[in-house]
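These notes concern the structure reproduced below.
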Amino acid sequence: MALFVMKFGGSSVGDTERMQRVARRVVEKQDEGNQVVVVVSAMGDTTDDLIDQAKLLSKEPPLREMDMLMTTGEQISISLLSIAIHAEGRKAVSFTGWQAGFRTDKEHSRARITDIQPQRVQAALDEGNIVVVAGFQGISEDGEITTFGRGGSDTTAVALAAAISADYCEIYTDVDGIYSTDPRIVKNARKLQEISYDEMLELANLGAAVLHPRAVEYAKHNQVRLVVRSSFNHNEGTVVKEEAKMEQGVVVSGIAYDKNVARISILGVSHIPGVLAQVFGTLAEAKIDVDIIVQSGVQDGKADFSFTVALTDRERALQVINGIRSSLPFDEVTSEDGLVKVSIVGAGMVSHPGVAAKMFDVISKEDVNIKMVSTSEIKVSCVIEGTKLNEVVKALHTAYGLDTESQVFVGGPQDRR
Ligand code: ADP
Ligand code: ASP
Ligand code: MG
């Protein structure tokens, strides 16, 4: 008997029929002689709809209340799925995040798991139940309901799999696995049989929505056997593991993009020691993550520099910078949106010079300016204007030899023609 954690995303439980299909799939797994824990997300676009409702009432709703609101989406899913499993004649019990033992820090909307106490989950499993757990939520030590950030149900699944020593963690979604890039943009993207934790972590951090970055961290740290596959068919998915086979001659294994990017520029700052420390220290205190930082030339003792933050953090970042104006004089602070960060990732890059140069060349041939660049051993990222994103991703995909003959169909069976 094996223990499985099966996670189903929003589109997989988007309506009653899909919910029933998930119930049958889960029962099928139990029929094969396994114990099953299911993690589910909110149905369809529920989370987005809840956010929209809050935004009708306030431009900046309190994060505590947003967590309270958003977690209801998953609570609907767990109860309905549990009801659907009962209707299939099986025992099931649903748990919210806190009931399943997820303890977190206090950071609303981006909480980190501090501990998991899965005794109730374990006891319910031992009593022969299929256990249904709400994704992306937990409770802080003050008893506050928290969420893990958008897409965080993957993290619930992987962290729970580690906590209960599950044999497998399967992430069921609306595509057949992990592809060389988002198959919604590139129809002849290549499905990967396997991918290393490190490459997947880069891709996830760089915007590939198919897995939440924290989920990949957990999987790597706890060596969780992780598979991404479709909830709409029984095709083999993609295995995420320590070391993945590298195809001969493939230097770039994936391309990711992130639209949640804004660039902030501080112009005319005195070029004295400690300036960067002050700016980025203050942003860090405000819990604003800064990504790429570029300082341009110094003129008349003054420098300009730019950095990127998540678009969703832009207003707060501007407030923070304006807040230190009295102690750090500068001429102007500006911000720019409509940008996107495109990245190429590949473990083979380290030993292949010219990979970045090729990227710059491909982007320039699309007549797109590169605004910022950052590199690591296994990735190159360029911030560009967002208008030609699809063309750039397609061109890079072709240039690095990733195109396949076959076409991917995404979005569930009704889209398969
Ligand atoms: P779920 O609701 O199941 O969690 P998500 O929308 O969060 O689903 O993630 C699946 C989506 O991720 C796919 O529909 C696809 O558009 C997107 N995606 C982005 N990059 C990739 C990639 N490299 N491989 C597969 N899917 C990707
Ligand atoms: N429902 C949440 C979201 O839409 C969590 C998730 O789906 O993973 O972000
Ligand atoms: Mg997701």
Side-chain angles (χ1 to χ4, degrees), residues 59-60 62-64 104-112 114 140 146 148-149 198 201-202 204-207 213-214 217 256 258-343 345 349-350 356 359-360 369-386:
K59 256 169 99 183
E60 279 207 43
L63 294 179
R64 178 191 185 277
T104 72
D105 62 20
K106 301 176 188 174
E107 295 299 324
H108 285 294
S109 85
R110 44 182 285 164
R112 281 183 175 264
T114 50
S140 71
T146 54
F148 307 164
D198 288 335
L201 190 56
E202 283 284 2
N205 273 319
L206 294 167
R214 213 79 62 66
E217 274 173 33
D258 189 353
K259 294 181 180 172
N260 187 16
V261 176
R263 177 161 82 151
I264 295 189
S265 300
I266 307 183
L267 309 177
V269 194
S270 302
H271 189 59
I272 46 169
V275 166
L276 291 184
Q278 188 182 353
V279 171
F280 295 108
T282 319
L283 287 165
E285 268 167 38
K287 302 258 189 295
I288 296 171
D289 286 330
V290 172
D291 184 17
I292 305 176
I293 303 171
V294 175
Q295 177 166 333
S296 52
V298 183
Q299 250 191 347
D300 304 330
K302 285 183 167 186
D304 298 339
F305 61 92
S306 303
F307 55 91
T308 58
V309 295
L311 186 56
T312 39
D313 281 338
R314 177 175 67 160
E315 293 311 318
R316 278 200 315 126
L318 288 172
Q319 278 168 18
V320 167
I321 301 298
N322 279 314
I324 54 174
R325 203 168 194 152
S326 52
S327 59
L328 177 81
F330 52 82
D331 294 340
E332 204 186 343
V333 57
T334 61
S335 75
E336 192 179 353
D337 54 18
L339 302 174
V340 56
K341 185 172 72 173
V342 184
S343 309
V345 172
M349 245 180 231
V350 200
M359 182 178 193
F360 306 150
N369 282 327
I370 297 171
K371 301 200 168 230
M372 296 169 114
V373 175
S374 97
T375 63
S376 81
E377 282 197 333
I378 66 165
K379 66 121 192 191
V380 183
S381 297
C382 294
V383 175
I384 59 173
E385 253 163 36

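What you see below is based on every heavy atom in this structure, not just the backbone, and it leaves out hydrogens, waters and symmetry mates.
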**Request:** State, yes or no, whether a side-chain contact exists between N369 and I384 at a heavy-atom distance under 4.5 Å.
**Result:** no
**Asked** Going by heavy atoms in the side chains, are V383 and I370 under 4.5 Å from each other?
**Response** no
**Item:** Whether D313 side chain and V309 backbone form a donor-acceptor pair below 3.5 Å
**Value:** no
**Item:** Salt bridge K379-E202, side-chain N to carboxylate O under 4.0 Å
**Value:** no
**Request:** Evaluate side-chain hydrogen bond (donor to acceptor under 3.5 Å, both in side chains) for S140 paired with T104, printing each intermediate quantity in order.
**Result:** CA-CA 5 Å; S140 71; T104 72; 5.5 Å; no
**N260 side chain to T312 backbone, donor-acceptor under 3.5 Å** = yes
**Asked** Is K302 paired with D331 through a side-chain N to carboxylate O contact shorter than 4.0 Å?
**Response** yes
**Request:** Quick one: pull up CG in D300 and OG in S270 and give me the separation to the nearest 0.5 Å.
**Result:** 11.5 Å
**Request:** Please determine, by modelled atom types, if S306 and K371 share a side-chain donor-acceptor pair under 3.5 angstrom.
**Result:** no
**Item:** Heavy-atom closest pair, residues A111 and D105
**Value:** CA-OD1, 3.3 Å
**Complete:** Output for pair (L311 CG, S335 OG), nearest 0.5 Å, gives 9.0 Å
**Item:** Residues Q278 and S327: side-chain donor-acceptor under 3.5 angstrom
**Value:** yes
**Message:** Can you confirm whether V279 sits close enough to T282 that some side-chain heavy atom of one is under 4.5 Å from a side-chain heavy atom of the other?
**Reply:** no
**Message:** Can you confirm whether D304 sits close enough to Q295 that some side-chain heavy atom of one is under 4.5 Å from a side-chain heavy atom of the other?
**Reply:** no
**Prompt:** Roughly how far apart are Q319 CD and I324 CD1, rounded to 0.5 Å?
**Reply:** 13.0 Å
**Request:** Write down the atom of S296, the atom of A303, and the distance for their closest heavy-atom approach.
**Result:** O-CB, 4.4 Å
**Complete:** What one should report as the nearest heavy-atom pair of L267 and F330 is O-CB, 3.6 Å
**Item:** Minimum side-chain heavy-atom gap L206-V345 below 4.5 Å
**Value:** yes
**Message:** Counting C-beta onward and ignoring hydrogens, is there a side-chain heavy-atom pair between L318 and R314 closer than 4.5 Å?
**Reply:** yes
**Item:** Contact check, side chains of T114 and R112, non-hydrogen atoms, under 4.5 Å
**Value:** no
**Fill in**
Note: G207 and D258 closest approach over all heavy atoms is CA-CB, 4.2 Å
**Asked** Would you call the rings of F307 and F280 parallel, tilted or perpendicular if under 30° counts as parallel and over 60° as perpendicular?
**Response** perpendicular
**Item:** Pairing of D291 and K341 as salt bridge, 4.0 angstrom limit
**Value:** yes
